[in-house]
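Convention: sequence-line order gives letters A, B, ...; per-chain numbering from 1.
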Number of protein chains: 2
Amino acid sequence: MSVTKSRTPRNTLSSELIVRTALDLMEAKGTDAFSLRGLAAELGVGPMALYTYFRNKDDLYDAVRDHLMALVPPVPADVDWKDQVRAVCRGLRALMLQHPCLAQLLGSRPLSGHETARVAEGLLGVLRSAGFDAEAAARTHTTLFTYVLGATSWEIQMAAERRDPEAWRRLRTTMESLSAKEFPTVVDLAPELARTTGGDEQFDYGLDLLLAGLELRRPS
Amino acid sequence: MSVTKSRTPRNTLSSELIVRTALDLMEAKGTDAFSLRGLAAELGVGPMALYTYFRNKDDLYDAVRDHLMALVPPVPADVDWKDQVRAVCRGLRALMLQHPCLAQLLGSRPLSGHETARVAEGLLGVLRSAGFDAEAAARTHTTLFTYVLGATSWEIQMAAERRDPEAWRRLRTTMESLSAKEFPTVVDLAPELARTTGGDEQFDYGLDLLLAGLELRRPS
DNA sequence: ACCTGAACACCGTTCAAGT
DNA sequence: ACCTGAACACCGTTCAAGT
């Protein structure tokens, strides 16, 4: 561990190196704490060196997101269309849990990039093969994507809150301060609500509701 | 329009005034552009005056969110439980569309506050009355909430992107650059995918899938 | 093309002080 | 209790310049 960070020599930078280092930093210090200045310091260059490879911070975010989307597993063959949908949705969720920054990256920027298109292609292909027409396939794709995004982002957010003891204490306090007279059901179901803020079971519960609804609508 | 902003006299500040002004600013200049310094300037006080009423920026965010949640309409009586669920979900979505900052506020902070509890109480009461047990009611509540949050946040995000001509042009360009050989379904369904990024129909499509799934599971 | 260094116009928050 | 003013430790990005 040298105290003075050595200046990185010229022409050792690359888009890939920047993206990988950015991802490492987001994972290590949290997505919100990530900054271009911190990334540049980690790489041993001035902040402006990054602008040779990316037009701005959002452009870098898009690149990091597409880098992560490459890790979504391909659609499994030889299984029911519902299990294919399940595999894609669970795969995306698992990746978001593994890389919490992906939740933020997917929610704050429109979809673009080669790997992102690959995931969409897989899911849309499954739906078309299952018999859904163009419009139903598109609507279903958006529904599934926004469900996975909403459910998993929420789960990650709540898990992060639970790790901060101060925030967690305040949340419990306000929860307990609710009057049972005014909010009887919320107070009664407090333990169940706390248990169902995340986890595989909760995710599959909502996913299965959607799949059951889809099954009813699927053209034979 | 005076050029020099007059200093606000003492004891004219209040939590309510701060929250309302904060909301106005978020609506006028965008949630991301909101800052405590800008808010203080608008109120004609120093930035530190706000800390008498809120411990930090997140605490103010929570207050703004609860202020908005008061506008979610109560559960309608005398209709089918499914229409009650629909009313709550659509009401929350409509409020998010009307106040886009609400989407960001709900997604980035855990639920707390009196009005937020009121909305949860309404939805949970409907589900319990419809026959769902404690666990199913809690799971369904989380599923519905995360669906509404995910679908509507996405819709708002896409609409914002569409308003920025530069971002919209880049999105169209990358979409059109996708090879039809590698991504046949995405390219084929491009018009449908563009049409189904938002709107009442798209929202109801997903909501109806969930409700159809729930109907199958509901204990008689 | 690749990268630096200084500068601009911002942030949230702490701390000590004033009324 | 309510609010000020200066300061700290940051941001993303522009611009002109160097290699």
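Rounded to a whole angstrom, the distance from the P atom of D:dC10 to that of C:dA9 is 22 Å.
Once you apply a 4.0 Å limit to the heavy atoms of chain B, the touched nucleotides of DNA chain D run 5' to 3' over D:dC2 to D:dA7.
Taking B:Lys57 as the reference, B:Tyr61 meet the side chain to side chain donor-acceptor pair (under 3.5 Å) condition, with sequence neighbours excluded. Shown here are the side-chain contact (heavy atoms from CB on, under 4.5 Å) partners of B:Ala49, two or more places apart in sequence or in another chain: B:Leu13, B:Val45. Residues forming a side-chain contact (heavy atoms from CB on, under 4.5 Å) with A:Asp200 (at least two apart in sequence, or on another chain): A:Arg93. For A:Phe54, the side-chain contact (heavy atoms from CB on, under 4.5 Å) partners are A:Ser15, A:Ile18, A:Val19, A:Asp59, A:Leu60, A:Ala63, not counting sequence neighbours. Qualifying side-chain contact (heavy atoms from CB on, under 4.5 Å) partners for B:Glu16, counting only residues two or more places apart in sequence or in other chains: B:Ser14, B:Arg20. The side chain to side chain donor-acceptor pair (under 3.5 Å) check on A:Glu176 picks up nothing, with sequence neighbours excluded. Contacts of B:Thr185 classified as side chain to side chain donor-acceptor pair (under 3.5 Å), with partners at least two apart in sequence or in another chain: A:Glu121.
Residues in residues 103-117 of chain A take part in these side-chain hydrogen bond (donor to acceptor under 3.5 Å, both in side chains) pairs, two or more places apart or across chains: A:Asp32-A:Gln104, A:Asp58-A:Arg109, A:Asp62-A:Arg109, A:Arg65-A:Ser112, A:Asp66-A:Thr116, A:His114-B:Glu182, A:Glu115-A:Arg118. Among pairs with a residue in residues 150-172 of chain A, those fulfilling ring pair (Phe, Tyr, Trp, His ring centres under 6.0 Å) read A:Trp154-B:Phe145, at least two apart in sequence or across chains.
No side-chain donor from either of B:Thr143 and A:Tyr147 sits under 3.5 Å from a side-chain acceptor of the other.
Heavy-atom distances to DNA chain D give each of B:Thr12 and B:Arg37 a nearest nucleotide, and the one nearer the 5′ end belongs to B:Thr12.
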Dot-bracket notation for DNA chain D, counting Watson-Crick and G-U pairs under 3.5 Å, with | for partners on another strand: ||.|||||...|||||.||
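Annotation: proximity of residues 45-52 of chain A to DNA chain D (heavy atom, distance under 4.0 Å) is found for A:Met48, A:Tyr51, numbered in ascending order.
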